[in-house]
Colleague: 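Please find one structure pasted underneath; my questions will follow.
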Amino acid sequence: MTDTFKSGYASIVGRPNVGKSTLLNRLLMQKVAVTSRRPQTTRNKITGVLHLPNAQIILVDTPGIHQSERTLNEMMVRASVSTFSDVDLILVMLSADAGFCDDDEFVLNSMKQVKTKKVLVINKIDLVEKPILLSLMNEMNQKSLFEEIIPISALKEDGLDQLKSLILSYLPEGPEYFPKDMVTDCPETFLFGEIIREKILNLTRFEVPHSVAVVVEDMHEQENGVVQIDATIFAEKDSQKKILIGEGGNMLKNIGRQARQELEKRLGAKIFLKLFVKVKANWRDQSRAIKEFGYTHDSF
Ligand SMILES: Nc1nc2c(ncn2[C@@H]2O[C@H](COP(=O)(O)OP(=O)(O)OP(=O)(O)O)[C@@H](O)[C@H]2O)c(=O)[nH]1
Ligand SMILES: [Mg+2]
């Protein structure tokens with residue numbers, strides 16, 4: 001036993017949908033990032049601090065790296081890429097069920113010149129048979145890009161202790177950067193907006209999920225103890241607004257109900273959730289709107 005304290009940064013990067021945010025939540029044992037089966041769920045860097053007895057691992061979840069010319073998407077990818085040289089270790093994530101595909105190749109190309117040590121995390125091993133996993137590990141090993149390769153299932157929490165030890169072994173001795181009660185840099189109101197957006201991602205289809213932004217405008221406790229949250233859902237077109245409201249307001253009611261249930265559990269209080277739907281044409285191509293909606297919110 002030694003008394004040395006280790007601390008440092010590890011970013012979780014990869015193409016969209018491989019399970020980066022799921023891993024962040026499972027390692028922290030609480031939800032700080034929203035997740036969905038749709039690609040491009042995460043839009044900004046989200047930092048989470050994992051407090052261990054003799055160490056502090058600062059994890060940075062990032063948006064999925066992908067190709068797109070939209071301003072929002074370019075900003076998302078820039079946020080991911082910006083972590084490469086700022087961290088002690090890059091956790092590059094693949095999804096075992098998809099194997100190594102062109103989109104993963106694009107991710108590796110984006111870090112060609114990067115000197116930071118990289119570990120390959122193969123996620124979703126619960127979805128494949130052993131021989132498929134072994135052949136993928138073998139294929140990736142031949143690239144000679146990674147210090148190590150580790151198979152996990154973030155969702156089933158398989159291999160997470162091994163992953164924690166592995167990350168620790170790459171961190172330097174360092175100070176306790178953050179107070180023990182600090183788990184994320186994500187402001188509460190931003191996370192609440194994200195939870196509402198997560199319900200929209202689950203309930204809507206086609207271009208609607210991607211076109212939506214949610215902003216919590218106000219949150220206050222009423223005299224009777226009920227917490228009132230006012231949030232605006234922004235869509236890009238009238239047709240999307242119509243879908244979000246639904247027949248007789250049914251879709252909006254559904255979104256509201258699902259979000260309220262989760263928020264009430266989180267806050268341990270009754271919530272009155274007031275949702276508004278507005279159109280902000282082409283907001284995904286306007287840096288100002290993207291900033292206003294909080295998607296450029298930066299890490300520590
Ligand atoms: N079966 C299985 N599914 C998983 C696992 N990890 C994540 N998922 C699922 O994969 C989907 C995507 O997960 P996310 O955590 O949102 O993925 P992401 O990489 O953060 O995606 P982006 O934010 O879009 O880049 C969700 O439906 C998760 O439940 C896993 O280990 N096994
Ligand atoms: Mg994510």
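Atoms within a ligand are numbered from 1 in the order they appear, just like the ligands themselves. Residues take their numbers from the sequence shown, with the count starting at 1. Side-chain atoms are counted along with the backbone in the values below, which use heavy atoms only and exclude waters and symmetry mates.
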Colleague: Where's the contact between Asn17 and ligand 1, heavy-atom distance under 4.0 Å: side chain, backbone, both or neither?
Modeller: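 Both parts.
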Colleague: Using only atom types and a distance under 3.5 Å, with no angle test, would you say the side chain of His51 pairs donor to acceptor with the backbone of Lys180?
Modeller: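 It does hold such a pair.
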Colleague: Quick one, Arg260 and Phe272 - any side-chain contact, counting heavy atoms below 4.5 Å?
Modeller: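 Counting from C-beta outward, Arg260 and Phe272 never come under 4.5 Å.
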Colleague: Using a 4.0 Å cutoff against the non-hydrogen atoms of Gln40, which atoms of ligand 1 qualify?
Modeller: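 Answer, ordered by atom number: 24 (O).
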Colleague: I'd like to check whether Thr62 has a polar contact with ligand 1, where a contact means an N/O of the residue lying under 3.5 Å from an N/O of the ligand.
Modeller: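 N/O-N/O distance below 3.5 Å does not exist for this pair.
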Colleague: Which atoms from ligand 1 have a heavy atom of Leu127 less than 4.0 Å away?
Modeller: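 Listed by number with element, the hits are 1 (N).
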Colleague: For a quick test of reading the model, state the closest non-hydrogen atom pair linking Thr116 to Ser85 and the distance between them.
Modeller: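 Scanning both residues completely, I find the closest heavy atoms to be OG1-CA, 3.8 Å.
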Colleague: For atom 6 (N) of ligand 1, what is the closest protein heavy atom, and at what distance to 0.1 Å?
Modeller: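 Ranking protein heavy atoms by distance from atom 6 (N) of ligand 1, first comes Asn123 ND2, 3.1 Å.
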Colleague: Relative to the heavy atoms of Ser36, which atoms of ligand 1 are at a distance of less than 4.0 Å?
Modeller: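 So the answer, numbered in order with elements, is 11 (C), 12 (C), 13 (O), 16 (O), 26 (C), 27 (O).
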Colleague: So which protein heavy atom does atom 10 (O) of ligand 1 come closest to, and at what separation?
Modeller: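 I find the closest protein heavy atom is Lys124 NZ, 3.0 Å.
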Colleague: Under a 4.5 Å side-chain heavy-atom rule over Ile, Leu, Val, Met, Phe, Trp and Tyr, are Leu155 and Ile152 clustered together?
Modeller: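 In one cluster: no.
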Colleague: Using a cut-off of 2.8 Å, how many protein N, O or S atoms sit around the Mg ion (ligand 2)?
Modeller: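 Considering protein N, O and S only, the Mg ion (ligand 2) has 2 within range.
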Colleague: Of all the atoms in ligand 1, which lie at a distance below 4.0 Å from a heavy atom belonging to Gly64?
Modeller: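 Listed by number with element, the hits are 25 (O).
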Colleague: Under a 3.5 Å distance rule, please check whether Asp88 uses its side chain to pair with a backbone N or O of Leu171 as donor and acceptor.
Modeller: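 No.
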Colleague: Side chains of Arg43 and Leu72: does their closest heavy-atom pair fall under 4.5 Å?
Modeller: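 In short, these two side chains touch, coming nearer than 4.5 Å.
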Colleague: When you compare ligand 1 with Pro63, is there at least one nitrogen or oxygen pair between them that comes in under 3.5 angstrom?
Modeller: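 Between Pro63 and ligand 1 (N or O atoms, distance only) the closest approach is not under 3.5 Å.
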Colleague: Hey, is ligand 1 close enough to Thr42 that some N/O pair sits below 3.5 Å?
Modeller: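 Yes: some nitrogen or oxygen of Thr42 is under 3.5 Å from one in ligand 1.
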Colleague: Got a second to check how far Ile90's CD1 is from Lys115's NZ, nearest 0.5 Å?
Modeller: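 That separation rounds to 12.0 Å.
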Colleague: With a 4.5 Å heavy-atom cut-off, do Val128 and Lys124 have their side chains touching?
Modeller: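 When only atoms from C-beta onward are counted, Lys124 and Val128 do not touch, as no gap falls below 4.5 Å.
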Colleague: Are side-chain heavy atoms of Ile255 and Leu203 found at a separation under 4.5 Å?
Modeller: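 Yes. Closest side-chain heavy atoms under 4.5 Å.
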Colleague: Once you restrict to heavy atoms under 4.0 Å, what part of Pro39 touches ligand 1? Side chain, backbone, both or neither.
Modeller: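 Backbone only.
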Colleague: May I ask you to identify the nearest protein heavy atom to atom 3 (N) of ligand 1, giving residue, atom name and distance to one decimal place in Å?
Modeller: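 For atom 3 (N) of ligand 1, the nearest protein heavy atom comes out as Leu155 CD2, 3.6 Å.
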Colleague: Kindly say whether Ala154 contributes a backbone atom to a donor-acceptor pair with the side chain of Thr22 at under 3.5 angstrom?
Modeller: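 Answer holds: no.
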Colleague: Looking at every heavy atom in both Pro39 and Pro16, which two are closest together, and how far apart are they?
Modeller: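 In terms of heavy atoms, the two residues are closest at CB-CB, 3.7 Å.
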Colleague: Among all protein heavy atoms, pick the one closest to atom 17 (O) of ligand 1 and tell me residue, atom and distance.
Modeller: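 Looking at atom 17 (O) of ligand 1, the protein heavy atom closest to it is Gly19 N, 3.1 Å.
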Colleague: With heavy-atom distances below 4.0 Å as the criterion, list the atoms of ligand 1 near Lys20.
Modeller: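 What qualifies from ligand 1 is 15 (O), 17 (O), 18 (P), 19 (O), 20 (O), 21 (O), 22 (P), 25 (O).
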Colleague: Is there at least one pair of N or O atoms, one from Ser21 and one from ligand 1, spaced under 3.5 Å apart?
Modeller: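 For ligand 1, there is an N or O atom that lies under 3.5 Å from one belonging to Ser21.
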Colleague: Within the 4.0 Å heavy-atom shell around Arg37, which atoms of ligand 1 are there?
Modeller: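 Taking each heavy atom of Arg37 in turn, ligand 1 has 27 (O) under 4.0 Å.
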Colleague: With ring centroids as reference points, do Phe234 and Trp283 lie under 6.0 angstrom apart?
Modeller: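 No: the rings miss the under 6.0 Å criterion.
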Colleague: Applying the 4.5 Å side-chain criterion to the ILVMFWY set and letting contacts propagate, would Ile245 and Val212 be lumped into a single cluster?
Modeller: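 In one cluster: yes.
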Colleague: What's the shortest distance from atom 28 (C) of ligand 1 to any protein heavy atom, and which residue and atom give it?
Modeller: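 Looking only at protein heavy atoms, the one closest to atom 28 (C) of ligand 1 is Thr22 OG1, 3.8 Å.
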Colleague: Can you find an N/O atom of Val18 closer than 3.5 Å to an N/O atom of ligand 1?
Modeller: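 There is such a contact, yes.
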Colleague: Taking C-beta and beyond as the side chain, do Arg26 and Leu160 meet within less than 4.5 Å on heavy atoms?
Modeller: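 The answer is yes; the side chains approach within 4.5 Å.
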Colleague: Between Asp61 and Thr42, is the side chain to side chain contact (heavy atoms under 4.5 Å, CB included) condition met? List the steps.
Modeller: CA-CA 8 Å; Asp61 178 26; Thr42 305; 3.8 Å; yes
Colleague: Distance to 0.1 Å, residue and atom name: give those for the protein heavy atom nearest to atom 1 (N) of ligand 1.
Modeller: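 Closest protein heavy atom to atom 1 (N) of ligand 1: Asp126 OD2, 2.8 Å.
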